[in-house]
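Everything on this sheet refers to the single structure shown next.
All chains are named by letter (A, B, ...) in the order of the sequence lines, taking the proteins before the strands, and each is independently numbered beginning at 1.
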2 protein chains.
Amino acid sequence: MKDLLLAHINRHISLTNVEEEEFKGIIAEKKVFRKSFLIESGVMVNELYYVVEGCLKAYYVDDLGNKHILQFAIEDWWITDFNALHNNIPAELYIEAIENCTVLAISTVALEELYIRIPKFERFFRILYTNAFIALRKRVMSSLHRTNSIRYLEFFERYPNIERRVTNYHIANYLGITAESLCRIRRDLGM
Amino acid sequence: MKDLLLAHINRHISLTNVEEEEFKGIIAEKKVFRKSFLIESGVMVNELYYVVEGCLKAYYVDDLGNKHILQFAIEDWWITDFNALHNNIPAELYIEAIENCTVLAISTVALEELYIRIPKFERFFRILYTNAFIALRKRVMSSLHRTNSIRYLEFFERYPNIERRVTNYHIANYLGITAESLCRIRRDLGM
DNA sequence: GATTTTCATTGACTTAAGTTAATGAAAAAT
DNA sequence: ATTTTTCATTAACTTAAGTCAATGAAAATC
């Protein structure tokens with residue numbers, strides 16, 4: 001279970017067995033059932049989650065009560081309310097399981113201590129956030145300057161094989177368009 | 001000149017005088033004149049830039065020859081083609097000076113060496129990229145789910161006092177809307 | 001200082017996407 | 001197994017934003 005995460009980390013840094021064991025000490029396995037929440041708006045957030053199995057969505061609810069999906073997370077993805085976590089403010093996001101999930105929770109307090117003892121982890125998360133930043137830049141370019149039809153196709157590159165795991169309504173919401181509009185796109189694409 | 005950057009860095013980590021001197025050794029001051037380029041599409045990128053003075057834009061040109069502005073950078077901002085830099089691929093972006101600029105260039109090869117000698121820098125850039133990632137998430141939320149009118153107002157929070165430094169055409173392009181549409185927004189807002 | 005280029009704005013028209021409403025199919029709940 | 005809820009799709013209509021074209025003002029260039 002935890003080995004999946006260690007393999008993920010070892011793609012960027014090399015840990016000794018002792019370091020791996022120390023890291024295992026600050027992560028905890030959690031089960032999240034379909035339709036239940038990992039984070040709800042208003043709570044304080046002090047964990048980062050790595051998805052071992054399952055599918056989740058991060059969304060916020062605006063003043064009019066409309067949901068807006070910001071992110072999905074499937075196997076090998078990270079998810080949390082990053083803004084709340086890093087700025088110590090109450091969560092704005094809901095993180096809800098779309099399927100029954102297994103995640104690994106990392107407490108950031110423990111992680112901060114680990115950074116001091118093993119700076120390699122600082123390196124790992126530097127690389128992780130750099131990559132996440134670059135991926136989001138591409139998403140910004142795409143959302144501002146590409147047609148919805150192309151953005152729909154790009155979505156499947158970003159979340160491979162997610163078709164049967166989330167509804168078209170979810171995908172439309174993530175893309176910031178209506179389900180009806182997505183439906184027309186699918187028709188025009190012959191899907 | 002370089003002290004501005006050191007003050008910026010010392011907001012997140014504490015450097016000794018020796019470490020500051022060592023860091024100064026890997027940064028170089030560069031002047032960029034209005035309408036000239038820091039990066040052009042197709043070149044290899046190996047520097048990260050911190051803006052001491054002036055204003056720049058990062059844009060790409062699509063298949064139809066249309067420009068799309070992804071980012072502005074003013075004093076105390078960082079800019080480069082992050083994707084090209086971190087993945088060692090040719091630049092997709094142009095980074096062009098809108099005003100005569102003074103920037104500090106940091107070679108990433110030298111920076112990588114510095115990370116090993118002084119892991120605190122790894123920490124600094126972890127925090128920097130984390131904050132950049134969080135800021136981009138907010139931008140994604142905004143671009144997908146807010147009205148253009150609100151996004152126009154948010155733009156000025158993000159780039160304070162930029163009004164007289166960039167044209168409305170630039171702002172419209174950054175927001176992914178037409179200059180005419182922005183004009184109507186300004187009219188409706190009584191601007 | 002004169003000329004050229006860029007910029008902001010407006011109007012008329014077109015197009016893409018949102019809204020509302022209805023339907024049968026699929027999935028979930030009991 | 002039956003009922004209830006959610007989901008995908010379609011159509012008719014509305015709205016917001018894009019396109020095209022023209023104008024004077026402002027800025028940049030010579």
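- With sequence neighbours left out, the side-chain contact (heavy atoms from CB on, under 4.5 Å) criterion links E112(A) to Y115(A), R123(B), R126(B).
- Residues satisfying the side-chain contact (heavy atoms from CB on, under 4.5 Å) criterion with A28(B), sequence neighbours excluded, are absent altogether.
- Not counting sequence neighbours, the partners of F156(B) by the ring-ring contact (aromatic ring centres under 6.0 Å, His included) test are Y152(B).
- Looking at residues two or more places apart in sequence or on another chain, you find a side-chain contact (heavy atoms from CB on, under 4.5 Å) between R34(B) and N100(B).
- Using a 4.0 Å cut-off on heavy atoms, none of the residues of residues 61-69 of chain A approach DNA chain C.
- Partners of F155(B) according to the ring-ring contact (aromatic ring centres under 6.0 Å, His included) rule, which considers only residues two or more places apart in sequence or in another chain, are F72(B), Y159(B), Y174(B).
- Remark: E53(B) CD is loosely packed, at most 12 non-hydrogen atoms of other residues, nucleotides or ligands lying under 6.0 Å away.
- Partners of K138(B) under the side chain to side chain donor-acceptor pair (under 3.5 Å) rule, at least two apart in sequence or in another chain, do not exist in this structure.
- Nucleic acid contact for R184(A): base, since at least one base atom lies under 4.0 Å from a heavy atom of the residue.
- The nucleotide range of DNA chain D contacted by chain A, defined by atoms under 4.0 angstrom from heavy atoms of the protein and reported 5' to 3', is dC7(D) to dA12(D).
- Residue R186(B) places at least one side-chain N or O closer than 4.0 Å to OP1 or OP2 of dT9(C).
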Give the table of side-chain donor-acceptor pairs shorter than 3.5 Å for residues 58-66 of chain B, with sequence neighbours excluded, one pair per line with atom names and distance.
from, atom 1, to, atom 2, distance (Å)
Y59(B), OH, E96(B), OE1, 3.0
D62(B), OD1, L64(B), N, 2.9
D62(B), OD1, G65(B), N, 3.1
D62(B), OD1, N66(B), N, 2.9
D62(B), OD2, H68(B), NE2, 2.7

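- Y50(A) is linked by a ring-ring contact (aromatic ring centres under 6.0 Å, His included) to H8(A), W78(A), counting only residues two or more places apart in sequence or in another chain.
- Applying a 4.0 Å cut-off to non-hydrogen atoms, the residues of residues 153-181 of chain A that approach DNA chain D are T167(A), N168(A), Y169(A), E180(A), listed by residue number.
- Scanning for side chain to side chain donor-acceptor pair (under 3.5 Å) contacts around Y49(B) gives E47(B), with sequence neighbours left out.
- Nearest-nucleotide assignment on DNA chain C puts the 5′-proximal partner with K35(B), out of L182(A) and K35(B).
- Computed from coordinates, the L189(B) CG to dT9(C) P distance equals 12 Å when rounded to whole Å.
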